[in-house]
Amino acid sequence: MKTAYSIKTTPEEVSKDIQSQLGPSEPKAVVFFASCAFAPEAISREMQSAFPGVSVFGCTTAGEIISGKMLKRSVVAMAFDDKSLEQISLSLIEDITSKTAVEDALGVFEKQYGCAMMDFDQEAYVGLILVDGLCKCEEKLIDRIGDLTNVLFIGGSAGDDLQFKQTYVFANGKAYPNAALLALLKPRAGFKTIKTQSFKVLDQQLVATRVNEANREVLEFNGKNAAAAYAESVGVAVEDAPKHFISNPVGLLVDGEPYVRSPQQIKADGMVFYCNMKEKMRLSILETTDIVSDTRDVISATKARMGNIGAIINFNCILRTLELEDKGLADAYGNLFTDIPTIGFSTYGEQCVGHVNQTATMLVLKACA
Amino acid sequence: MAGKAKQLIDSIIAQRSKGNPSVAKVVKAKFILKGINPDDFGATSADDPAVIGQLQALAKELGVTV
């Protein structure tokens, strides 16, 4: 796998720059993540033109990641060659609100491979998902995918450099809003997936007792106004609660591991989150720990289990990026990936089994012999 | 009657995972994300018709027969 990045200023220059770095051999597929500083239609068109006949896909970002660096206003790309990837197929969901979106998208893979999704070997295949980051429906999408297959799909929600206006996924030389892109990969040398978040689980618990699931709102925790109950659990006044949103999100625990739900704002007496919550869900208050050392540990552990790592695709929550920047640790985080061919981006949400926040999901490909 | 919810949960997890512990772990996570925590149900848990209905619907979503 080869990686490249460009900080040139036009889509034409960027695509040529990346083509020259990834060439001369023709890749099997190219995934790229691009800042919204580049016109989405133009960057998708130019990147596809740079690699004619190749599966080229990606999405817009809220910041980019390349081996050793966290970038802004750039494009990062990874080329998969035949040696690293036995098969790759793409399936585009042009309208994620369609009731049969997931069934239709997975049907494309079934037709291509002549195999029912439930029969794919989850040890041999892995899925990537890139999805509109402002659609508020990632939960339904990833949940339905998991209903229909045991192949694990991981990925991230596209960003738009914190403008919160429009995000895009890229495929077929075009840029699609309100869309999702699924990629089904069969790596030759094996893979692992990582879901990592840097939090200590505290004793304080909140049960969502009244919710507006579609709007990702919790109206009541523990039978009280949500904002008051959250503030009480964190030990602060309601007006000071927003200062604790990044350091004290809530987590749905699965065997002690949090699936993080991050508060966005207090609305009336309720709270809006970046993830939905269902009634009766029991959540724990979390407390932030060290993202850099936690990530270093998880990469080291993965390396020990796999032998050599060939490449990483990192979907890193924008709230983690903001926290790293706030603490002056963005360079230290980027440096964790210096020796590993890595690309990634700062996401508006992450997917692994479910939709989560303040998490990094990563696809780790084993190095080919 | 008691314990039906646990029976249904165990059956759904067993059918989907086919004995693969990694898949079983993912299915358990899916239960929790869907709003049902398998750890809340045991052999003596009362059979709540609402929960049983929820589990039957979940089984259908997951493509298994209970």
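Order of the sequence lines fixes the chain letters, A, B, ..., with proteins taken first and strands second; residue numbering starts at 1 for each chain.
Both the backbone and the side chain of Val26(B) come within contact range of chain A, with heavy atoms under 4.5 Å apart.
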Worked check of side chain to side chain contact (heavy atoms under 4.5 Å, CB included) between Leu33(B) and His355(A) | CA-CA 9 Å; Leu33(B) 288 160; His355(A) 177 60; over 6 Å; no
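In plain terms, the two heavy atoms of Gly146(A) and Leu62(B) that are nearest each other are O-CD2, 4.3 Å. In terms of heavy atoms, Leu253(A) sits closest to Ile32(B) at O-CD1, 3.9 Å.
Checked for salt-bridge contact, Lys28(B) and Asp255(A) meet the test: a charged N lies under 4.0 Å from a carboxylate O. Looking at Asp147(A) and Arg16(B), no side-chain N of the basic residue comes within less than 4.0 Å of a carboxylate O on the acidic one, giving no salt bridge.
Of residues 97-124 of chain A, those residues lying under 4.5 Å from chain B by any heavy-atom pair are Met118(A), Gln122(A), Glu123(A).
Around NZ of Lys278(A), the count of heavy atoms belonging to other residues, nucleotides or ligands within 6.0 Å exceeds 12.
Using a distance-only test at 3.5 Å, with no hydrogens or angles considered, no donor-acceptor pair links the side chain of Arg282(A) to the main chain of Asn37(B).
Ranked by non-hydrogen atom pairs under 4.5 Å with chain B, the options Leu152(A), Leu252(A), Asp143(A), Asn276(A) are led by Asp143(A). Between chain A and the options Asp40(B), Leu58(B), Asp39(B), Val64(B), heavy-atom pairs under 4.5 Å are most frequent for Asp40(B).
The side chain to side chain donor-acceptor pair (under 3.5 Å) search around Gln358(A) returns Ser262(A), not counting sequence neighbours.
Atom CD in Glu257(A) sits 6.0 Å away from atom NZ in Lys25(B) (nearest 0.5 Å).
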